[in-house]
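For this chain, numbers begin at 1 and follow the sequence in order. We count ligands from 1, going down the list as the structure has it; atoms in each ligand are counted the same way.
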Amino acid sequence: MDRDHFYATMNGEGTLDYEVYLNTKALLSCQKDFKDFCNGDELQFQIVHQVEELWMKLIGYTLLDIDDFMQAENTNRVVTLFRRVHSALRLMIAQLDLLETMSPKEYQEIRLQLGNGSGQESPGFRTILKMHQPLWQSFKSVYLEKHGLTVEKIYDSEYSHSDAYVVAEALAEFDELFQRFRFCHIQLIQRTIGLGAKSLKGRGVDLLNEGQRVKFFPELWEIRSQMTDAWGGKYGVVRDSIGGH
Ligand code: HEM
C-alpha cells in the first residue's frame with residue numbers, strides 16, 4: 001500500500017461541511033506528524049490520551065448540568081445525564097485495553113518522548129477531582145435536608161426507592177466507575193512498566209495507591225456497612241444455618 005499517499009491525504013482538505021463543522025483539519029493535526037513518531041505505537045498512545053481528555057471534558061461539562069438539575073430537583077434529567085457520565089467513564093476504562101497491545105519495549109521508547117509529562121498533569125482529571133464536593137452539597141441540601149431525610153433513611157429505615165435513593169445510586173455509580181478507572185490504570189502500568197521499578201518507588205506508587213482509595217461520596221459507602229452491622233445485630237455475627245444444623 002502507498003504509505004506516502006496515506007500520509008498526504010489522511011487529514012483531508014478541511015473544506016467540506018462535515019470537515020468544517022467537526023474541525024477535522026485541526027483535530028487530525030493534534031498528533032505528531034507521521035514521520036516524527038518514534039515507533040508504530042506512538043500514534044495510538046497519543047490518540048488514547050487525547051480521546052480520554054475529550055471524554056473527561058464531556059464528563060465535567062455534564063456534571064455542571066447535573067448540578068443545575070439537582071438544584072432544580074429535576075430527577076429525570078439528573079438520571080439521564082448521569083447515564084451519560086457513566087457511559088463515558090466505561091469508555092474511558094475500556095480504552096485502556098488498547099494500550100495493552102503495546103509491548104513494554106515500545107513503551108520505553110515512547111516514554112523517552114514524554115519529557116516530565118505525567119498523567120497527574122491531566123487537565124480533565126484534575127478538574128473532575130474537584131467536582132464531587134459541590135455535587136454532594138447539592139444532593140444533601142435538595143434531596144435530603146429539604147425533605148428531612150438522611151442517607152440512613154433513604155437506604156434503610158424509610159426506604160421507598162425514592163428519587164433521593166435513585167440519585168444517590170447514580171452518584172455511587174459515578175464514584176465506583178471513577179475508582180475502577182484508577183484500578184484499571186494501575187493494572188495497565190503493571191502490564192507496561194511494572195510497579196516495582198526504582199524510578200516509580202515512593203511518590204509514583206504511593207500517589208496511585210492513595211488515589212485508588214479515594215472515595216468521592218464516603219457516606220454512600222459507609223451506609224452499606226452500617227446496614228450490615230445493624231441488620232446483623234438482629235441475627236448475630238454468626239447466623240443460624242438455614243438447613244437447621
Ligand atoms: C502505558 C500507559 C500508561 C502508563 C505507563 C502510565 C503511567 C503512569 C504513572 C507511572 C503514573 C504515576 C504518576 C507518575 O509517576 O507520574 C500515572 C499517573 C496518572 N496517569 Fe497514567 N499511565 C498510562 C496511561 C494513562 C492514560 C491512558 C491516562 C488517561 C487519562 C492516564 C492518566 C493518568 C492520571 C490521571 C494519573 C494521575 C493518577 C492519580 O492521581 O490517581 N494514564 N500514570
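Salt bridge status for Glu173 with Arg180: absent, with no side-chain N to carboxylate O gap under 4.0 Å.
The nearest protein atom to atom 18 (C) of ligand 1, hydrogens excluded, is given as His185 CE1, 3.5 Å; this is a heavy-atom distance.
Relative ring orientation between Phe125 and Phe178 is described as parallel, the plane-to-plane angle staying below 30° on a 0-90° scale split at 30° and 60°. The aromatic rings of His185 and Phe181 lie parallel to each other, with less than 30° between the two planes, well short of the 60° mark. Between Phe34 and Tyr7, the ring-plane angle classifies as parallel under the 30° and 60° cut-offs.
Ser103 and Glu106 share a side-chain donor-acceptor pair at under 3.5 Å.
Across every non-hydrogen atom of Met56 and Met92, the tightest pair is CG-CE, 3.5 Å.
For ligand 1, the atoms lying closer than 4.0 Å to a non-hydrogen atom of Leu99 are 2 (C), 27 (C). Of all atoms in ligand 1, listed by their number and element, those nearer than 4.0 Å to a heavy atom of Tyr107 are 5 (C). The distance from ligand 1 to the heavy atoms of Leu96 drops below 4.0 Å at these ligand atoms: 27 (C). Listed by atom number, the atoms of ligand 1 under 4.0 Å from Phe125 heavy atoms are 35 (C), 39 (C), 40 (O). Residue contact check: Leu207 has heavy atoms under 4.0 Å from atoms 13 (C) of ligand 1. Close approach of ligand 1 to Glu52 (heavy-atom distance below 4.0 Å) involves ligand atoms 29 (C), 30 (C). Short contacts between ligand 1 and Met102, defined as distances under 4.0 Å to a heavy atom of the residue, involve ligand atoms 1 (C). Of all atoms in ligand 1, numbered sequentially from 1 with element shown, those under 4.0 Å from a heavy atom of Ser118 are 13 (C), 14 (C), 16 (O).
Proximity of Glu53 to ligand 1 is not established, as no heavy-atom distance is less than 4.0 Å.
Taken from CE in Met10 to CZ in Arg3, the straight-line distance is 13.5 Å, to the nearest 0.5 Å.
With atom 9 (C) of ligand 1 as the reference point, the heavy atom nearest to it among Ile189, Val214, Asn209 is part of Ile189.
No donor-acceptor pair under 3.5 Å is formed between the side chain of Gln71 and the backbone N or O of Ser138.
Checking only distances, Thr192 never comes within under 3.5 Å of ligand 1, N or O to N or O.
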